[in-house]
2 protein chains.
Amino acid sequence: MTDAVAVALEQWRRERPDLDPWPIGVVGRIMRISRMWDKEIKSFLAGHGLEPGEFDVLSTLRRSGAPYELTAGAFLRTSLVTTGAITLRVDRMQDKGLVTRIRDGDDRRSVRIRLTDHGLEVIDRVLPLHLDNEARLLQALDPEARAQLSAMLSTLLESYGDTGGQ
Amino acid sequence: MTDAVAVALEQWRRERPDLDPWPIGVVGRIMRISRMWDKEIKSFLAGHGLEPGEFDVLSTLRRSGAPYELTAGAFLRTSLVTTGAITLRVDRMQDKGLVTRIRDGDDRRSVRIRLTDHGLEVIDRVLPLHLDNEARLLQALDPEARAQLSAMLSTLLESYGDTGGQ
DNA sequence: ACTGATTAGCTTAGCGCTAAGATAATCAGG
DNA sequence: CCTGATTATCTTAGCGCTAAGCTAATCAGT
């Protein structure tokens, strides 16, 4: 069987034989997989009443450890979205009772975003299911392939200096 | 150096030692890379007056070969977006003079979308630059790694039955 | 202390997309 | 031929995000 990107590569070789379309073999496939996973994960999370962006905030807070509290700026540095998106996510999550905003006493520009008890309960319940769901998406790869794939992706991220802030 | 996902994995192992977060090593990295590339490519294309979705339509038409014409449904089957998105993209591209809509004479429900001379000129000019740009994003990987990576990504897409329609 | 630059976060118009429903043409069975 | 189901596309309200500008607090140099 050939995937959709293999077909596109073959078409390009026929139509533009003067060009070598090899980068599409990597970039096209990664973007295609990412879009498919976006939908899968969005649909999975919807079953638990969460948007992907909200799950992302919950995860980041949870794995930062007790007291499950980070400034809005700390999210920016790990999240690849703009400040406006963080503000809006936290607005929605506050309405849902997942997090609270706390003005910092020392630096009154700063806002600390903190997981509520409910938020902690939600992420601790959903995370294991989320991991199972992601593992299912990777079933086609054996453990060795998974490790090789992770390593190559890591090489790419490192080449972009992606350390998630600092 | 460690990438942002390696840091997240380490945090999870500390905070939830009862769980094995390995799927994040693959899924998290692919999604993170995809979002970074989305921005790079969007910014690159903006320099040529194109949106990513528009470039996608131009590419699909161009590589389908003369007469550079496909039905709206054919895009749907290769594109991972909804029918509404195709309609809106074609609306914008028609305004820009990149494509034209032609009602099919045989099946009058069907609309054939056709590259204009201008559209053909644009995609033939931008594509080589786009490939150079993508190659730049993959500089960190040697040719052998690129081939291995493509093969593993292809395995995943095939496991989802992704043949781009048919 | 004062002043300009910087930092942290919020606001909002606009964008592309989705989801759900609508319209219109074609097909399939009796 | 009808009639109901299907197919192809368009329409539109609403969503999350971006980009650009804003407010307010803090810092750095004099």
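These numbers were taken from a predicted model, which means no experiment stands behind them. Order of the sequence lines sets the chain letters (A, B, ...), proteins ahead of strands, with each chain counted from 1.
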Between protein and nucleotides 8-10 of chain D, what N or O pairs are separated by less than 3.5 Å?
residue	atom	partner	partner atom	Å
D:dT9	OP1	B:A72	N	3.3
D:dT9	OP1	B:S110	OG	3.3
D:dT9	OP1	B:V111	N	3.0
D:dT9	OP1	B:V111	O	3.3
D:dT9	OP2	B:G73	N	2.5
D:dC10	OP1	B:R101	NE	2.9
D:dC10	OP2	B:T87	OG1	3.2
D:dC10	N4	B:T83	OG1	2.9

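- In this structure, CD1 on B:I41 lies 6.5 Å from CG on B:L137, to the nearest 0.5 angstrom.
- Counting non-hydrogen atoms of other residues, nucleotides and ligands closer than 6.0 Å to CZ of B:R136 gives a total above 12.
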Inset, instruction - With side chain to side chain contact (heavy atoms under 4.5 Å, CB included) as the test, would you mind laying out the steps for A:T163 and B:D3 before giving the verdict? - result: CA-CA 5 Å; A:T163 57; B:D3 65 60; over 6 Å; no
Legend entry - Pairing pattern in dot-bracket form [Watson-Crick, G-U; both distances under 3.5 Å; | = partner strand] for DNA chain C: ||||||||||||||||||||||||||||||
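- Residue B:D38 is out of contact with every strand shown, counting any heavy-atom pair closer than 4.0 Å.
- Evaluated for a side-chain contact (heavy atoms from CB on, under 4.5 Å) with B:V5, the options B:E10, B:R32, B:M31 yield exactly one hit, B:R32.
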Inset, instruction - Begin with the C-alpha distance, continue with both residues' side-chain angles, and end with the deciding distance and a verdict on salt bridge (Lys or Arg N to Asp or Glu O under 4.0 Å) for A:R63 and B:E15. - result: CA-CA 6 Å; A:R63 70 174 187 261; B:E15 287 295 319; over 6 Å; no
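- Between A:D124 and B:R16, at least one side-chain N (NZ, or NE/NH1/NH2) sits under 4.0 Å from a carboxylate O, which counts as a salt bridge.
- Taking atom NZ of A:K39 as the reference point, atom C1' of C:dT18 lies 10 Å away to the nearest angstrom.
- Rounded to whole Å, atom P of C:dT18 lies 14 Å from atom CD of A:E51.
- Regarding A:L45, its CG atom lies at a distance of 17 Å from the C1' atom of C:dT18, rounded to whole Å.
- Phosphate contact (OP1/OP2 of C:dA8, side-chain N/O of A:R108, threshold under 4.0 Å): absent.
- Look at CG on A:D106: it is 17 Å from C1' on C:dG9, rounded to the nearest Å.
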Inset, instruction - Determine, stepwise, if the pair A:V7 / A:T2 fulfils side chain to side chain contact (heavy atoms under 4.5 Å, CB included). - result: CA-CA 7 Å; A:V7 172; A:T2 57; 4.1 Å; yes
Enumerate the protein-to-nucleotides 1-4 of chain C contacts in which both atoms are nitrogen or oxygen and the separation is below 3.5 Å.
none

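- Taking the side chain of A:V81 as heavy atoms from C-beta on, and the options C:dG16, C:dC17, D:dC17, the nearest nucleotide is D:dC17.
- In this pair, A:H130 and A:F55 present their aromatic rings tilted. The plane angle is within the 30 to 60° band.
- Here B:D91 pairs with B:R101 in a salt bridge; the nearest charged N to carboxylate O distance falls below 4.0 Å.
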Inset, instruction - For A:R13 and A:D18, run salt bridge (Lys or Arg N to Asp or Glu O under 4.0 Å): C-alpha distance rounded to whole Å, both residues' side-chain angles, the deciding distance at 0.1 Å, then the answer. - result: CA-CA 8 Å; A:R13 286 192 193 98; A:D18 57 315; over 6 Å; no
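- The pair B:R92-B:E51 fails the salt-bridge criterion, with no side-chain N (NZ, NE, NH1 or NH2) lying under 4.0 Å from an Asp/Glu carboxylate O.
- Nucleotide C:dC15 holds its C1' atom 11 Å from the CG atom of B:L88, rounded to whole Å.
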Inset, instruction - With side chain to side chain contact (heavy atoms under 4.5 Å, CB included) as the test, would you mind laying out the steps for B:T71 and B:D107 before giving the verdict? - result: CA-CA 11 Å; B:T71 63; B:D107 183 343; over 6 Å; no
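- For the pair A:R35 CZ and C:dT18 P, the computed distance is 10 Å after rounding to whole Å.
- Between the CD1 atom of A:I102 and the C1' atom of C:dG9 there is a distance of 16 Å, given to the nearest Å.
- Within the 4.0 Å cut-off from OP1 or OP2 of D:dC17, at least one side-chain nitrogen or oxygen of A:R92 is found.
- Separating the CE atom of A:M93 from the P atom of D:dC17 is a distance of 11 Å, rounded to the nearest angstrom.
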